[in-house]
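First the proteins, then the strands, lettered A, B, ... as listed; each starts at 1.
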Amino acid sequence: MWIRRRQPGDSAGIRPSEITSESTYLNRRTLLQAALAAGVTGLGAAHDANAAVTPLKFTRNDQLSTREPQNSYEDITTYNNFYEFGIDKSAPAANSGRFRAEPWTVTIAGEAEQTGKFALEDLLKSQPLEERVYRLRCVEAWSMVIPWVGVPLANVLKKFKPTSKAKYVAFKTVLRPQEMPGQRYDVLEWPYVEGLRIDEAMNPLALLAVGLYGKTLPNQNGAPLRLVTPWKYGFKGIKSIVEIRFTEKQPPTSWNISAPHEYGFYANVNPQVDHPRWSQARERRIGAGLFNSRVPTQMFNGYEKEVADLYRGMDLAKNY
Amino acid sequence: MPSTRAVRRYIKPAVFLLCSLPLCLLVLRAFGIAGSLGANPVEFVQDTLGQWGLRLLIVTLAVTPLRDWFGASWLVQLRRMLGLFAFSYILLHFLTWMILDQGLYWPGILPDIARRPFITIGFAALLLLIPLAITSTNGMMRRLGKRWKTLHRVIYVIVPLGVWHYWWQVKADIREPLVYATIVAVLLGWRVWKRNGRKKAQRPQG
């Protein structure tokens, strides 16, 4: 029988056979790095014909990385939501070829001692890049494991010395309908905006990513700079960021504007709080084929230890 | 206008092949021929089957108006096959959800059917289709006589339920369900208009 029934011990959602041994993983990395060093663009090169991804120098943060098997570069770069390039999951890869991620300027604004416009290189100057393998849980109940490369968001924010009035951090995506065909149709209000409470933004897990699989981000994954908050649903991970603003009041967020009863400001992964139209109790891990059924979703996407303190005393069913 | 023989010998087999095409393509893709099922194969199979089920339901509903508009009475000979294809796609869509998506996990399936309105609606539409599929044979048509037509008018409820089911599960982009809703509104509106016209014509003048 090809239907896999849930087994006792499945609760963690990982079968022993699915776990890649560390030596295998390290071997894979060595191979990949060797390929990169040799000037080969690496896996999935065919999909980045127009996206100039280049290898990055980084050290891996083992402590904050999951050992679960990673999704393939192809899955990560051809199946994702980035409505600026269209609504289908294949649209970002298909329609982002004209997008220019270089040069890139980020505006830092609001309640901070230092504000202004900064070239991306200056923003990240003297910040060592880390690789972190995070789970990503989409609000649509699918998930992936992705090796991001980036810098802790807190390190970048602290440089600008936010004042005591800085209670929230607001992010904005670039608005370029010429290069982003999805922005010509107002399925959402453009530009895309997102936000975090300042203590969420300062949590060590929050990452400003500039790369994945050891290379710069391809356009479809939010080049050149995106947010990664692995304990929250994927839509909080705003892409192609051009503005970071410290605010006193809770900033508006795109999906919350679009459907406030379905998408809240917090959007923490929570198997006990369902989306009004579908269950969030279980998720499908992408990449395991036609016959892998869903696995249980973990509280805060498995990052409870790191983030639960942020929400102590809060009613998470109300603050969804 | 094609003869009954031509419909039976050429047109019907051709329509049969056309209707099977989406399913054949799925099977080929599952084996890596003619493309693949993508990163999320379960979702792809489920969506494709549901989409074609709904499209074929709408095509079935279009048979009578098209006959009236173009005087193409031969179209009616295709209606049963179209309807049964629609039913098959929708049944496969449901089974894909139950077996591949949910993995026969009843604590997930049953509450979803009971509590998630868009699933409840879709499930109701499937249940309503079953008696229509069962009574689609010539023998059943004879046996039920006039009641057959009354029973099969349930399709006027089923198709809007199908569109609603689709509309309710999209996240933000309602363009495609809107297209279906418009077509269904025209197809059903035409029937209402026709019936009212007939009633008026029957009323004595003056």
Side-chain angles (χ1 to χ4, degrees), chain A residues 1-7 10 71-81 83 86-91 93 138-144 182 185-189 235 254-255 257-259 262-263 274-279 281-296, chain B residues 26-33 35-49 51 92 95-123 164-179:
Chain A
M1 194 71 178
W2 38 265
I3 300 156
R4 201 181 74 81
R5 278 175 196 283
R6 284 170 35 80
Q7 318 270 326
D10 264 7
N71 278 92
S72 68
Y73 188 75
E74 187 181 347
D75 281 353
I76 297 168
T77 55
T78 59
Y79 185 88
N80 69 317
N81 284 315
Y83 275 31
I87 51 141
D88 289 334
K89 306 245 195 322
S90 53
C138 178
V139 75
E140 297 165 357
W142 54 266
S143 61
M144 286 193 185
Y185 175 72
D186 51 356
V187 58
L188 290 173
E189 256 178 46
F235 69 85
S254 283
W255 276 102
I257 297 169
S258 162
E262 297 192 337
Y263 310 101
D274 286 342
H275 186 281
R277 288 179 286 152
W278 58 82
S279 165
R282 299 186 312 140
E283 67 199 50
R284 179 171 309 106
R285 187 58 59 82
I286 298 299
L290 197 50
F291 302 112
N292 75 315
S293 53
R294 291 167 185 261
V295 295
Chain B
L26 276 184
V27 175
L28 287 178
R29 284 175 159 217
F31 289 100
I33 309 163
S36 79
L37 297 174
N40 193 344
V42 178
E43 180 191 65
F44 184 81
V45 170
Q46 190 177 307
D47 288 358
T48 308
L49 291 170
Q51 235 161 13
L92 288 173
L95 292 175
T96 305
W97 173 72
M98 196 171 74
I99 300 169
L100 295 186
D101 182 282
Q102 297 289 322
L104 291 178
Y105 179 65
W106 301 107
I109 293 169
L110 299 176
D112 265 5
I113 290 178
R115 284 208 308 258
R116 312 245 164 250
F118 91 89
I119 297 180
T120 316
I121 290 168
F123 187 68
W164 193 7
H165 166 72
Y166 180 46
W167 190 308
W168 217 339
Q169 62 86 43
V170 301
K171 236 167 100 191
D173 184 49
I174 53 156
R175 281 175 290 182
E176 198 175 334
L178 190 64
V179 170

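By the 6.0 Å contact criterion, CH2 on B/W97 is enclosed, its count of non-hydrogen atoms from other residues, nucleotides or ligands being greater than 12. Other residues, nucleotides and ligands contribute more than 12 heavy atoms inside 6.0 Å of the CD atom of B/E176.
In terms of heavy atoms, A/R277 sits closest to B/V170 at NH1-O, 3.0 Å. Nearest approach of B/E43 to A/R284, heavy atoms of both residues: N-NH1, 4.3 Å. Annotation for B/V42 and A/G289: closest pair CG2-O, 4.3 Å, computed over non-hydrogen atoms.
Contact annotation for B/D173: both backbone and side-chain heavy atoms come within less than 4.5 Å of a heavy atom of chain A. Within the 4.5 angstrom heavy-atom criterion, only side-chain atoms of A/N81, from C-beta onward, approach chain B.
Note that CZ of B/R116 is 4.0 Å distant from CG of A/D274, once rounded to the nearest 0.5 Å. Here the straight-line distance linking atom CG of B/N40 with atom CZ of A/R285 works out to 12.5 Å at 0.5 Å rounding. Residue B/Q169 holds its CD atom at 8.5 Å from CH2 of A/W278, rounded to the nearest 0.5 Å.
Most heavy-atom pairs under 4.5 Å with chain B: of the set A/W255, A/Y263, A/Y83, this distinction falls to A/W255. Counting heavy-atom pairs closer than 4.5 Å to chain B, the top residue among A/G287, A/S279, A/P276 is A/S279. When A/V139, A/D75, A/L290 are compared by the number of non-hydrogen pairs under 4.5 Å with chain B, A/L290 comes out ahead. Counting heavy-atom pairs closer than 4.5 Å to chain B, the top residue among A/Y185, A/Y79, A/W142 is A/Y185.
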